[in-house]
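Have a look at the structure below before the remarks.
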Amino acid sequence: MNGTIFVVTDKPDTIPPRKLLTSTGVEIKNDPELIAARLPTDREMRIISVAEARELFGSGASLVDGVTWIVNDPPQFIQHYYHWTAELFLGFWRTYSSLDPSISESGDTILPAPRRMWFVHLDASRWRDPVRLNQWILRSSFPSVTMEFSNDWDDRAQLDKPFLLDRAFLSDRAASKEGPHAKKVGRPLAEACSLPGTPHWWSPIAKNVMKFSGLSELPDTERPVITYISRQTSGRRLLDEDHELLVEALYALGEEYEYEVNVVSMEKLSREEQIRLAARTTIMMGVHGNGLTSLLWMQPSKHRTLMEFYYPGGFTYDYQYTAYSVGVNYYGWWGNVSFTHENLPRKAYPKGFQGSEIPIDGIAVAKTCLEILQT
């Protein structure tokens, strides 16, 4: 056994190629040697027949009941709120939710919560992010979930006894990157998003997180709320003068049309405050960065929109694809030029992408906000 996952089936042609299911769990980089080193072998996974399983295991497998979520990723991305929540977590729930086509807008589902998470390559000290949002999202979404880590995985492997998983979900970022949908858009999440599902698939998670954050009822979204997430104390930020003009334009818009306008630094808000604010927000905006992960807690409406500011010529799919996956409208900005889901530029990181001189036309942004809200 020795930690190998065995897929038992008499119809092996129904199982995707192994490289689309799992990997060796080494760091994910674009170096050709490391790409080759990620490809799984019989050590990671074997696909065998029922007869082969009987010969190998007899009838002595111990049942692990309920839903087991196995995470085969290296520690590389896990200690980051965006990668944990908007990639790993979102990908798991998007996959699992495809089994319930009846999920309602209010978040009702027939799916039982996962009972456990198993991390194959991660020790217990390396899954929390610096601002402690990873644990907030996990404990609010699945309060009863237990966690096992690499030493526990090794313990099970060294027992040299088989365990039969009642229902298992395997998350593997490297394997997802090999899929046709992920290759097309450059996002591992795309493989999960290609599955069938209800438009309300994310609602059960959002409902649990908001309730845990003190929102027992959905916030009133009758009055539009515009939230600008400022990064002016961070390395990647707007030009100071453009930041000031944007704030001025937004407040003027709010005063004229009685919109609520918030200018916030997420690091100055508690976890509850961040989620409550996002749940009330109609239009969220800011420079590309971790704070935009809060788009996941915006309430469904035809007006809910994410605006992301880039250095001209720069673009990455991170928050755009997250917005797309949960039905949030999207505008990327290069100064006074905007683009949407329908006309995205190519991924690029020009000089200045990570810098402190990102331009934005505050008047153009405010005008677009008005157009969205009056549509």
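For the single chain, residues carry numbers from 1 onward in sequence order.
Between Arg223 and Glu258 there is no salt bridge, since none of the side-chain N atoms of the basic residue sits less than 4.0 Å from a carboxylate O of the acidic one. Salt bridge absent: Asp166 and Arg115 never bring a charged side-chain N and a carboxylate O closer than 4.0 Å. With salt bridges taken as basic N to acidic carboxylate O contacts below 4.0 Å, one links Asp65 and Arg116.
Side-chain contact check for Ser194 and Glu191: no donor-acceptor pair (N or O, by modelled atom type) lies under 3.5 Å. The closest side-chain donor-acceptor pair between Ser102 and Asp100 falls under 3.5 angstrom. In this structure, a donor-acceptor pair under 3.5 Å is absent between the side chains of Asn134 and Gln79. Donor-acceptor pairing under 3.5 Å is lacking for the side chains of Asp318 and Gln320. A donor-acceptor pair shorter than 3.5 Å cannot be found between the side chains of Glu87 and Thr322. A side-chain donor-acceptor contact under 3.5 Å links Ser171 and Trp69. Under the 3.5 Å distance criterion, with hydrogens and angles disregarded, no donor-acceptor pair is assigned to the side chains of Thr282 and Arg304. Judged by distance alone, the side chains of Thr305 and Tyr330 never bring a donor and an acceptor atom under 3.5 Å apart. Side-chain atoms of Gln232 and Ser230 include no donor-acceptor pair closer than 3.5 Å. Ser141 and Asn208 share no side-chain donor-acceptor pair at under 3.5 Å. A donor-acceptor pair shorter than 3.5 Å can be found between the side chains of Ser213 and Trp136.
Met307 and Val247 fall within the same hydrophobic cluster, defined by Ile, Leu, Val, Met, Phe, Trp and Tyr side-chain heavy atoms under 4.5 Å apart, directly or through other members. The hydrophobic clustering, which links ILVMFWY residues whose side-chain heavy atoms are closer than 4.5 Å, places Leu189 and Leu88 together. Cluster membership for Leu370 and Phe309, using ILVMFWY side-chain heavy atoms within less than 4.5 angstrom, is shared. Grouping the Ile, Leu, Val, Met, Phe, Trp and Tyr side chains by contacts below 4.5 angstrom, directly or via other members, places Leu99 with Phe142. One hydrophobic cluster holds both Phe89 and Val131 under the rule that ILVMFWY side chains link at heavy-atom gaps under 4.5 Å.
A distance-only check finds no donor-acceptor pair linking the side chain of Asn262 to the backbone of Val264 [under 3.5 Å]. A donor-acceptor pair under 3.5 Å is formed between the side chain of His341 and the backbone N or O of Val328. Between the side chain of Ser49 and the backbone N or O of Asp10, no donor-acceptor pair lies under 3.5 Å. Formation of a donor-acceptor pair under 3.5 Å by the Trp202 side chain with backbone atoms of Leu296 is found in this model. The backbone N or O of Ala124 sits less than 3.5 Å from a side-chain atom of Arg128, completing a donor-acceptor pair. Using modelled atom types, no side-chain atom of Gln158 and backbone atom of Asp155 make a donor-acceptor pair closer than 3.5 Å. Between the side chain of Thr293 and the backbone N or O of Asn290 there is at least one donor-acceptor pair closer than 3.5 Å. Under a 3.5 Å cut-off, the side chain of Thr281 and the backbone N or O of Ile283 do not form any donor-acceptor pair. Side-chain N or O atoms of Arg231 include one that pairs as donor or acceptor with a backbone N or O of Arg236 at under 3.5 Å. Ser301 contributes a side-chain N or O that, together with a main-chain N or O of His303, makes up a donor-acceptor pair within less than 3.5 Å.
At least one side-chain heavy atom of Arg237 sits under 4.5 Å from a side-chain heavy atom of Ser356. At a threshold of 4.5 Å between non-hydrogen side-chain atoms, the residues Val64 and Leu164 do not count as touching. In this structure, the side chains of Trp297 and Leu277 stay at 4.5 Å or more apart for every pair of heavy atoms. Under the 4.5 Å side-chain criterion, counting only non-hydrogen atoms from C-beta, Val71 is not in contact with Leu122. Counting only heavy atoms from C-beta outward, the side chains of Ser62 and Lys161 never approach each other to under 4.5 Å. Proximity of Leu133 to Gln274: side-chain heavy atoms (C-beta onward) are separated by under 4.5 Å at one or more points. Here the side chains of Glu260 and Ile226 are not in contact, with every heavy-atom distance at 4.5 Å or above. Looking at Arg126 and Pro75, their side chains come closer than 4.5 Å, going by heavy atoms from C-beta outward.
Taking the six-membered ring where the residue is Trp, the centroids of Trp84 and Tyr81 are separated by 6.0 Å or more. In this structure, the ring of Phe169 has its center less than 6.0 angstrom from the ring center of Phe92. Ring centers of Trp334 and Phe339: under 6.0 Å apart, within the cut-off.
Taking the six-membered ring where tryptophan is involved, the planes of Tyr331 and Trp333 are essentially parallel, since the angle between them stays under 30° and well short of 60°. Classification of the His288-Tyr319 ring pair by plane angle, with boundaries at 30° and 60°, yields perpendicular. Taking the six-membered ring for Trp and thresholds of 30 and 60 degrees, Tyr349 and Phe353 have ring planes more than 60 degrees apart, a perpendicular arrangement.
Rounding to the nearest 0.5 angstrom, the gap separating the OG1 atom in Thr368 from the CD1 atom in Ile372 is 6.5 Å. Atom CG of Leu20 is separated from atom CG of Asp172 by 10.5 Å, given to the nearest 0.5 angstrom. Taking CG of Leu306 as the reference point, atom CG of Leu295 lies at 5.5 Å (rounded to 0.5 Å). One finds the OG1 atom of Thr316 at 15.0 Å from the CZ atom of Arg346 (value rounded to the nearest 0.5 Å).
Nearest heavy-atom pair, Gly25 versus Pro74, reported as atom, atom and distance to 0.1 Å: O-CB, 3.4 Å. Contact detail for Thr24 and His121: the closest heavy-atom pair is O-CE1, 3.5 Å. For the residue pair Val225 and Thr227, the shortest heavy atom distance occurs at CG1-OG1, 3.9 Å. Of all the heavy atoms in Ala348 and Gly313, the pair that sits closest is CB-O, 3.4 Å.
With a 6.0 Å cutoff to the six-membered ring centre and a 45° limit on the axis angle, Arg156 counts as a cation-pi contact of Phe163. Taking the ring axis of Phe212 as reference, the NZ or CZ atom of Arg139 does not stay both within 45° of it and closer than 6.0 Å to the ring centre.
Residue-environment remark: CD (Gln135) exceeds the threshold of 12 foreign heavy atoms within 6.0 Å. The environment of CG in Asn30 is sparse: at most 12 heavy-atom neighbours from other residues, nucleotides or ligands sit within 6.0 Å. More than 12 heavy-atom neighbours from other residues, nucleotides or ligands sit within 6.0 angstrom of CD on Gln374. Within a 6.0 Å sphere centred on OH of Tyr324, other residues, nucleotides and ligands contribute 12 heavy atoms or fewer.
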Take Phe6 and Phe57, measure what ring pair (Phe, Tyr, Trp, His ring centres under 6.0 Å) needs, and give me the verdict at the end.
-> CA-CA 11 Å; Phe6 290 85; Phe57 310 131; 5.1 Å; yes
